[in-house]
Amino acid sequence: MKHPALIDLHLHLDGSIPLATARKLADMQGIPAPETDEELKAIMSVTEDCKDLNDYLARFDFACSLLQTKEALTICTYDLLTSIHQQGLIYAEVRFAPQFSCQKGLTQEDAVLAVLEGIRKAPMPCGLILSLMRGENTHDNNLETVRLAHKYLNKGVVAVDLAGAEKMYPTYDYEYAFAEARKHNIPIIIHAGEAAGANSVLEAIQAGAVRIGHGVRSLEDQSVIDQLVARNITLELCPTSNIDTGLYKTYSEYPLRRLMEAGVRICINTDDMTVSSTTLQEEWEHLIEAFQLHEFEIGHLLLNSVEASFAPASLKAQLRQIIQENYPSTILY
């Protein structure tokens with residue numbers, strides 16, 4: 001069954017390159033690629049023996065090599081948004097780390113403008129989130145990313161994000177970047193509570209995050225849950241990704257109901273469509289089957305996505321209307 005009017009707020013560009021687009025970008029740039037789609041998928045998607053988040057992140061190497069020219073970034077963005085629009089999405093927020101597209105001469109600003117061009121041409125509305133990176137020697141690049149987020153805020157860019165190996169590089173190490181973002185009123189999103197525990201989510205809250213990528217391990221500490229509820233911070237849930245990285249074995253183990261019953265605002269997303277071999281339609285199918293979700297619950301979770309999004313007020317009103325038309329038992333906010 002195809003579910004209409006879906007929204008994805010946690011969607012990594014480099015982790016979601018359609019296979020046909022990956023082959024096209026490789027051919028354009030003379031980058032060697034496997035001959036068959038099966039072999040291509042094998043280097044871009046995780047397998048069942050994926051050990052943890054670090055193993056998962058290793059699947060991005062080939063994808064990043066494809067996103068080193070303006071043309072490639074624009075084409076990839078356009079193709080991805082066209083693909084998800086055809087899948088039934090009505091709005092998305094795509095994120096990427098511009099510092100990862102500077103290996104062959106592009107500046108971060110070149111990369112940002114190229115992705116914004118792809119969004120401009122796309123058949124559906126989309127906001128752009130610029131990802132800061134955890135890791136060694138990222139200080140200057142992260143500050144440049146914040147500078148660009150400030151420059152293009154409300155011109156396509158909607159927020160900054162912190163991504164990468166959460167357990168190895170704790171959130172508090174990046175306070176310098178968050179302070180700069182807060183100074184310019186740039187919304188902050190932080191990946192937390194995935195590879196690391198509830199304390200990681202607490203650090204994200206203290207840094208000023210208005211949304212948290214994953215955040216499922218918040219449930220390990222009731223005081224963290226209480227803060228999420230009190231501050232109305234949204235958790236961007238990505239079920240298949242969390243299963244791939246070993247957090248849960250099955251969808252029925254996923255803490256969807258526990259978070260809903262705790263009063264935490266949550267929304268459903270894909271994370272990395274190609275790395276996890278998933279679509280947003282499939283994410284919803286898994287959760288509907290595992291938790292017997294009713295129409296009004298689906299609509300409510302989709303409205304959470306609208307409220308948590310950085311879409312302008314007029315677009316939010318349109319999205320709410322579309323959701324209510326498709327899920328009529330849903331009560332609007």
Side-chain angles (χ1 to χ4, degrees), residues 7-13 77 91-99 108-109 111-112 115-116 119 125-134 138 141-164 166 171-194 200-215 218 224 227-238 264-269 271 302-317 319-320 333:
I7 294 173
D8 199 331
L9 299 183
H10 190 126
L11 179 62
H12 290 270
L13 180 65
T77 304
Y91 179 75
E93 289 176 0
V94 170
R95 63 189 71 189
F96 91 119
Q99 61 191 268
Q108 286 200 46
E109 187 162 18
V112 170
V115 172
L116 288 174
I119 290 174
C126 176
L128 178 60
I129 299 165
L130 301 185
S131 292
L132 316 174
M133 293 308 304
R134 304 176 193 264
T138 58
N141 283 332
N142 283 341
L143 286 180
E144 172 66 3
T145 302
V146 175
R147 184 188 74 80
L148 291 169
H150 178 221
K151 182 173 181 179
Y152 293 103
L153 191 64
N154 301 318
K155 300 173 184 176
V157 172
V158 296
V160 294
D161 167 45
L162 177 66
E166 172 196 1
T171 297
Y172 57 72
D173 285 350
Y174 302 90
E175 173 57 26
Y176 66 90
F178 303 139
E180 192 67 15
R182 291 193 301 266
K183 184 168 75 175
H184 297 296
N185 296 314
I186 304 168
I188 297 169
I189 305 168
I190 298 174
H191 283 65
E194 180 189 12
S200 171
V201 178
L202 180 60
E203 290 174 11
I205 294 170
Q206 293 169 342
V210 296
R211 287 183 358 213
I212 291 173
H214 305 287
S218 306
V224 174
Q227 288 209 43
L228 290 172
V229 174
R231 297 170 186 248
N232 207 22
I233 295 171
T234 301
L235 300 187
E236 306 164 343
L237 301 189
C238 307
V264 178
R265 189 163 74 178
I266 57 175
C267 60
I268 310 305
N269 313 277
D271 200 5
L302 288 171
L303 287 177
N304 282 351
S305 295
V306 176
E307 299 311 309
S309 78
F310 301 114
S314 59
L315 177 54
K316 282 189 175 185
L319 297 174
R320 288 188 202 102
Y333 284 84

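Side-chain atoms are counted along with the backbone in the values below, which use heavy atoms only and exclude waters and symmetry mates.
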Heavy-atom closest contact ([X] atom, [Y] atom, distance):
{"X": "Ile188", "Y": "Gly208", "value": "CB-O, 4.0 Å"}
{"X": "Gln108", "Y": "Pro98", "value": "OE1-CG, 3.3 Å"}
{"X": "Leu235", "Y": "His214", "value": "CB-O, 3.7 Å"}
{"X": "Val94", "Y": "Leu13", "value": "CG1-CB, 3.8 Å"}
{"X": "Ala159", "Y": "Phe310", "value": "CB-CE1, 3.6 Å"}
{"X": "Tyr91", "Y": "Ala311", "value": "OH-N, 3.6 Å"}

Can any side-chain N or O of [X] pair as donor or acceptor with the backbone N or O of [Y] at less than 3.5 Å?
{"X": "Glu166", "Y": "Glu194", "value": "yes"}
{"X": "Asn304", "Y": "Ile266", "value": "yes"}
{"X": "Asp271", "Y": "His12", "value": "no"}
{"X": "Arg211", "Y": "Ala308", "value": "yes"}
{"X": "Lys316", "Y": "Ser309", "value": "yes"}
{"X": "Asn269", "Y": "Leu9", "value": "yes"}
{"X": "Thr171", "Y": "Ala204", "value": "no"}

Taking it one step at a time, do Leu228 and Ser218 satisfy side chain to side chain contact (heavy atoms under 4.5 Å, CB included)?
CA-CA 9 Å; Leu228 290 172; Ser218 306; 3.5 Å; yes
So, taking the atom named [atom1] in [X] and the one named [atom2] in [Y], what distance separates them when rounded to the nearest 0.5 Å?
{"X": "Leu162", "Y": "Phe178", "atom1": "CG", "atom2": "CZ", "answer": "4.5 Å"}
{"X": "Cys126", "Y": "Asp8", "atom1": "SG", "atom2": "CG", "answer": "9.5 Å"}
{"X": "Arg320", "Y": "Leu315", "atom1": "CZ", "atom2": "CG", "answer": "9.5 Å"}
{"X": "Glu180", "Y": "Thr145", "atom1": "CD", "atom2": "OG1", "answer": "12.0 Å"}
{"X": "Cys267", "Y": "Leu303", "atom1": "SG", "atom2": "CG", "answer": "12.0 Å"}

Show, in sequence, the C-alpha distance, side-chain angles and deciding distance for Gln99 and Thr138, and conclude whether the side chain to side chain contact (heavy atoms under 4.5 Å, CB included) test is met.
CA-CA 9 Å; Gln99 61 191 268; Thr138 58; 4.0 Å; yes
Under the criterion side chain to side chain contact (heavy atoms under 4.5 Å, CB included), I'd like the reasoning laid out for Leu128 against Phe96: C-alpha separation, chi angles, the key distance, then a yes or no.
CA-CA 8 Å; Leu128 178 60; Phe96 91 119; 3.9 Å; yes
Taking side chain as C-beta onward, heavy atoms only, is [X] less than 4.5 Å from [Y]?
{"X": "Asn141", "Y": "Met133", "result": "no"}
{"X": "Leu11", "Y": "Ile129", "result": "no"}
{"X": "Glu236", "Y": "Ile189", "result": "yes"}
{"X": "Arg182", "Y": "Glu175", "result": "yes"}
{"X": "Ile190", "Y": "Tyr174", "result": "no"}

Step by step, work out the side chain to side chain contact (heavy atoms under 4.5 Å, CB included) result for Lys151 and His184.
CA-CA 10 Å; Lys151 182 173 181 179; His184 297 296; over 6 Å; no
Residues forming a salt bridge (charged side-chain N to carboxylate O under 4.0 Å, His left out) with Asp161, sequence neighbours excluded:
Arg95
The salt bridge (charged side-chain N to carboxylate O under 4.0 Å, His left out) partners of Glu144 (sequence neighbours excluded) come to Arg147
In terms of relative ring orientation, are His10 and His191 parallel, tilted or perpendicular, with 30° and 60° separating the classes?
perpendicular
Under the ring pair (Phe, Tyr, Trp, His ring centres under 6.0 Å) rule, collect the residues that match up with Tyr172, sequence neighbours excluded.
none
